[in-house]
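Following: one structure in structure tokens, then a few remarks.
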Amino acid sequence: MGKKTEAAGFTPTGAVYKSTKLPKPTKKTHKSLGIKKDELLGLFECMYRQRRFEERAAQMYQKGKFGGFLHLYIGQEALSSGLNHALNADDDIITAYRDHGMGLARGIPTKAGMAELFGKKTGCSNGKGGSMHFFDVEKHFWGGHAIVGAHLPLGAGIAMANKLRDEKKVTVCLFGDGAVDQGSLNESFNIAQLWKLPVVYVIENNGYSMGTSVARHSAGELVDRALPYGMKHDIINGMDLFTVIEKFQQVAEEVRNDSLPHLIEVRTYRYRGHSMSDPGNYRSKEEMQEFKTFDPIERLKTYILENNIADEKKLEGISEEIDKEILEAIKFAEESDFPDDEELYKHIYADDDFPYLK
Amino acid sequence: MGKKTEAAGFTPTGAVYKSTKLPKPTKKTHKSLGIKKDELLGLFECMYRQRRFEERAAQMYQKGKFGGFLHLYIGQEALSSGLNHALNADDDIITAYRDHGMGLARGIPTKAGMAELFGKKTGCSNGKGGSMHFFDVEKHFWGGHAIVGAHLPLGAGIAMANKLRDEKKVTVCLFGDGAVDQGSLNESFNIAQLWKLPVVYVIENNGYSMGTSVARHSAGELVDRALPYGMKHDIINGMDLFTVIEKFQQVAEEVRNDSLPHLIEVRTYRYRGHSMSDPGNYRSKEEMQEFKTFDPIERLKTYILENNIADEKKLEGISEEIDKEILEAIKFAEESDFPDDEELYKHIYADDDFPYLK
Amino acid sequence: MAEKQFREALREAMTEEMRRDERVFIMGEEVAEYDGAYKVTQGMLAEFGGRRVIDTPISELGFAGVGVGAAMNGMRPIVEFMTFNFAVVGIDQIINNAAKIRSMSGGQVNIPMVFRGPNASAGQLGATHSVAFESLYAHFPGLITIFAADPYDAKGLLKSAIRDDNPVIFLESEQTYGMKQEVPDEEYLIPIGKGVIKRDGSDVTLVAHGKMVHVAQMAAKELEKDGIEAEIIDPRTIKPFDIDLVIESVKKTNRLVIVDESHPFGGVAAEVGFQIQRDAFDYLDAPILRVTVPDVPAPFARNLFDLWFPSPKNVIDAVNTVTYRK
Amino acid sequence: MAEKQFREALREAMTEEMRRDERVFIMGEEVAEYDGAYKVTQGMLAEFGGRRVIDTPISELGFAGVGVGAAMNGMRPIVEFMTFNFAVVGIDQIINNAAKIRSMSGGQVNIPMVFRGPNASAGQLGATHSVAFESLYAHFPGLITIFAADPYDAKGLLKSAIRDDNPVIFLESEQTYGMKQEVPDEEYLIPIGKGVIKRDGSDVTLVAHGKMVHVAQMAAKELEKDGIEAEIIDPRTIKPFDIDLVIESVKKTNRLVIVDESHPFGGVAAEVGFQIQRDAFDYLDAPILRVTVPDVPAPFARNLFDLWFPSPKNVIDAVNTVTYRK
Ligand SMILES: Cc1ncc(C[n+]2csc(CCOP(=O)(O)OP(=O)(O)O)c2C)c(N)n1
Ligand SMILES: Cc1ncc(C[n+]2csc(CCOP(=O)(O)OP(=O)(O)O)c2C)c(N)n1
Ligand SMILES: [Mg+2]
Ligand SMILES: [Mg+2]
């Protein structure tokens, strides 16, 4: 693209690093965070499960085993895993369409997740939702949502319902850096602060909105979107599991006590393309390499080994178990039935006898 | 409303004064602002014209001379008048539905304005728009707009067109304090800052969005809505003409030089109800009385007399001229014809032969 | 049984349901301290307090979505739009979130809520404040759409809507809020999806909903003098639409005129006309006609507005055409 | 004359018009540095630079409105929506501002602009990403709505749309972007509001637009084997709609099936069917039928999606019914 063009253009060019510098990770240890050894290994397993689930899903997608969009979470697993660890089982979570990681971390079985990708009746949304719409309401996972920014008010509403019932529960609403530019943010933040709703808004800042770097789509620092409302806010390193856990444990406790909203910008990175069709020409190999050195799973692995919480063999054992689990999930998904044809007219309305227009 | 209720409610109660304290007016004199004596009298005339136009319009409305909504600007005339004085004739202005004052200040003849209220073909929008939709595009007055917040992106777009043509023009987009809570604000501000658009956003903070005080509809200070984007911003006293002129002269010059957007919160007060049907029970007599002491027209009158720019008699002369002008405008409006019936199918599409669906 | 205004009927419906079920609450612009822009919610803040009668900022997308979220999580919100013209800035929350989340989740999520407020024109309010949205909402699956014409129907239907487990679009009119009718004090519900014959007749069928029912009534009175007995059917619910009731009537009258305040293209009239020609083709002695606002935005000028708004005369002309009397 | 893809035809149309008129510019998500989410704008940033090919934040309401403002003030913007599903969050700027400001200002304001992008379904993208919006836009006065079916029409119509002084909704499909057809290199324009007969036939009239034209073509081929000659009419413009062309055809075939990817209630099919029964009543030998997606949101599962999407078989069944062959 010619120099002249750059000079004359409306949208800023380059400058990806703005808003993506990683804050320092916490110095805390698993002990000081109250994480037991087996919990720690469970967290490793949790992250690794998400990683392998998606790597395999990508293979299946390329083999043409299922259709639709496929947005991979690979690189961002510390957030989903740490967030789930920090929250109670009955706290509420709602997220965007890049939802496999959060869904699995929240407890959607790999079988149900894989089957959903394949559009089978055994899927976590009965095959009606697909990759972008994982749901598990029993686990208080209110789904992946595909209209950018449209679920921000839903997060506030879920929190409002909890507050109306005087339940001291936290609702966490996750969205991407690109969603920050939707008007729904202004409206939801103002209402959440004005009404003191117990909701935590989380920007998953992975540096890009599709091919557009944060610097090219948002003026100012993302976390500053909290300023007009006097909303509590912070920026954290999203590649470090302990940092995520520390932050959300603290925030969750605060919210339970004062029922005030927060905005947390979590800086992370997406190792894969926006979706399977994205070649990713908008970023450099160097940038990718640099962020690879922050891989949240490698990081945790190193911590576990260096602190002799487990040895290579133990971790390999866990990994192999997961690999098996994923392969079984694929088998399960392939062998599961598609929804019955009648399902086309089910679950649209509450009533199964709704008189559909012909 | 019971105490319990107040305690338990989501929306804050009372506290109207927040965000409505008037900043100090400027110390500048008309001389130091480069306003000649006749210009100053012209400004008095301009403000008084708006006031009388609306007082008469209200009478006509109550007499049932015309229908629709009628939102009066009475009390806010210093802004429209000062803003118009500070801008060039070819700068662009767009505002909300409370638009008579700004329209008249920009140069819409009282006859054309009154005729529009009456829905006559001689109106400034040919009787097609009514009170909420005064337009005079030749005078770069892009109209009054009635979907709250919906004209914020239009302001940015008008500015973008000027910038694309390399015209060093300023676009001013005015909106009420209630519009601050529309998502269009977030989207427009971000784009305006990111693309460096020469647009000045003006919050006409008159303390209320219909019956809801600023404190009850917006978290934080209104002007802080500029913070996330790093947008230049300020709060001024909107009851003082000189303060308005000083601020917008400075801002306009800045924008012509650096083509960066601004947000100016102008604190003012609406002496009448939101519309003709509003009894105004949400505010106290005391509050009204206090703000009456800041009446922008009385203020200017006092200044003119104290500085011997003109005497009582001179000002009365001007007022009487205006009174006559308004009465003539009413006569004109009453005697003007309604649009021809064919007008129903005119100006919907660019083409007069558009094949309308029957 | 006492005469009650339309707005009172609505207020009674909401108040009764809020007393009955504490999951029901209402939010919207000016609904609480101001007692409602059109006084529909008058006194409700005093009775239920600020936790259940909630003033919102002018953030239709925001509070509509907050309502959807609260409904997903077990509440039964009533979201009032000052008018449905303003719901347009928040419509994504209605036609995507409220309407589709149950389906996308494979039935895991229930969204029992009501979006209500004035719809269509109310005099000279200009182009942006005069739009009839019933065909738009009826076009998108996942929603129920109701447009009540009188106080009796309004109360019975709104109570059913609040108890319904689907997102319901409940349309009213500023211009009928003051209209009075006998409304029972004892509880009654009107089933969603059932129309009613508001006037018996054998010469022509008039299908009209919302404000248009009254226009049809005026036309029918005129036609009666002329010896024409029009049967007036008020579907009351736009979706699901009680087409069988219309078919039965057309089998008798063999003529149909649909009166609809929507714009013509793809409006309710087009849909009803299409279904009738498809399902009662052999019973039609004349083409089906529609009376709607013209395909132009509402003009402000009084004379133009009167030309724009469907009149009894327009209906009479249409009836004369389908009865081959002119 | 060379074979060109649908996306190339669109790119040529925009490129030619941007060379011809410097007031024309394009903005949208990923249109510049990314060369377009579906590569429609590939290379345009390189040719025209960042002042005329502009990447936007994900702010549909914002940039749609910025486009309207720029159009009001003398420019001729092309606003690309990544898909029209996302225009819903910005739809107020389209149906209120773009569509009504000319009228509210009494004709003082001109709004020459194009909103374009993919519309309707594109495979298993789920409930929120599969909606056909043509009937919604056609319902609101002040807009022109076009849905091009093939590369030749797309180029000629998009050039006309860019030159038109009205706000134009220009609908495309991800699924036809790769489709190839002979497209002249020399300039040509296709008039807005004129349909075309895409297949001659005398036994039944099929009206289909956008992607549905190809479904109708497939059905027609099958029917031909069966001795049934279907006439296929592609209106190309949804509003204004070339109803006369359909009437002429129906006078010949006396049978009509409308194929429309919209949901049924108040869809394009309902409108066309209504007008034909009204204006060609005496020529109809059978009720008019429609083939549309069912009145449910798009499901994800492959098998359900295939059931949901209008198929040639659905069209054949409808034709068999109107020709009383089953
Ligand atoms: C309202 C809306 N506009 C556009 C899109 C198309 N789209 C889907 S994802 C995406 C980018 C979102 O980026 P971000 O919010 O940073 O999330 P990430 O993909 O990085 O997780 C876009 C433009 C959409 N789904 N919704
Ligand atoms: C989107 C939208 N919602 C609601 C309304 C109804 N309404 C008209 S004016 C108004 C209050 C606006 O207050 P403010 O912005 O402070 O302007 P002011 O009336 O004080 O000049 C409301 C709620 C509207 N016109 N548009
Ligand atoms: Mg991102
Ligand atoms: Mg105000």
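Every chain is numbered from 1, with letters handed out A, B, ... down the list of sequences.
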Short question: side chain of B/N190, backbone of A/S218 - any donor-acceptor pair under 3.5 Å?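 Answer holds: no.
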Taking atom NZ of A/K168 as the centre, report whether more than 12 heavy atoms of other residues, nucleotides or ligands fall under 6.0 Å from it.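 No.
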A quick test of your reading: do over 12 heavy atoms of other residues, nucleotides or ligands sit less than 6.0 Å from CD of B/Q250?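 Yes, CD of B/Q250 has more than 12 neighbouring heavy atoms, counting only those of other groups under 6.0 Å.
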Pick one of side chain, backbone, both or neither for A/V223, based on which atoms fall under 4.5 Å of a heavy atom in chain B.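 Contact with chain B involves no heavy atom of A/V223 at all.
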Looking only at heavy atoms, what is the nearest atom pair of A/Q182 and B/N186, with distance?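 The answer is O-ND2, 2.9 Å.
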Which heavy atom of B/P228 sits nearest a heavy atom of A/R225, and at what distance?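 So the two residues come closest at CB-CD, 3.6 Å.
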Taking side chain as everything from C-beta outward and backbone as N, CA, C, O, which of these in B/I191 sits under 4.5 Å from a heavy atom of chain A? Side chain, backbone, both or neither.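 It is neither, since no heavy atom gets under 4.5 Å.
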Can you find a pair of side-chain heavy atoms, one from B/F10 and one from A/L197, that are under 4.5 Å apart?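 Yes, close enough: below the 4.5 Å cut-off.
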Which one, B/F189, B/W195, B/Y229, leads in non-hydrogen pairs under 4.5 Å with chain A?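 Top option by heavy-atom pairs under 4.5 Å: B/W195.
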Interatomic spacing from CG in B/L227 to CD in A/E221 - rounded to 0.5 Å: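 One finds 13.5 Å between CG of B/L227 and CD of A/E221.
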Any idea which of A/H217, A/Q193, A/K196 has the most non-hydrogen atom pairs under 4.5 angstrom with chain B?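 Option with the greatest count: A/H217.
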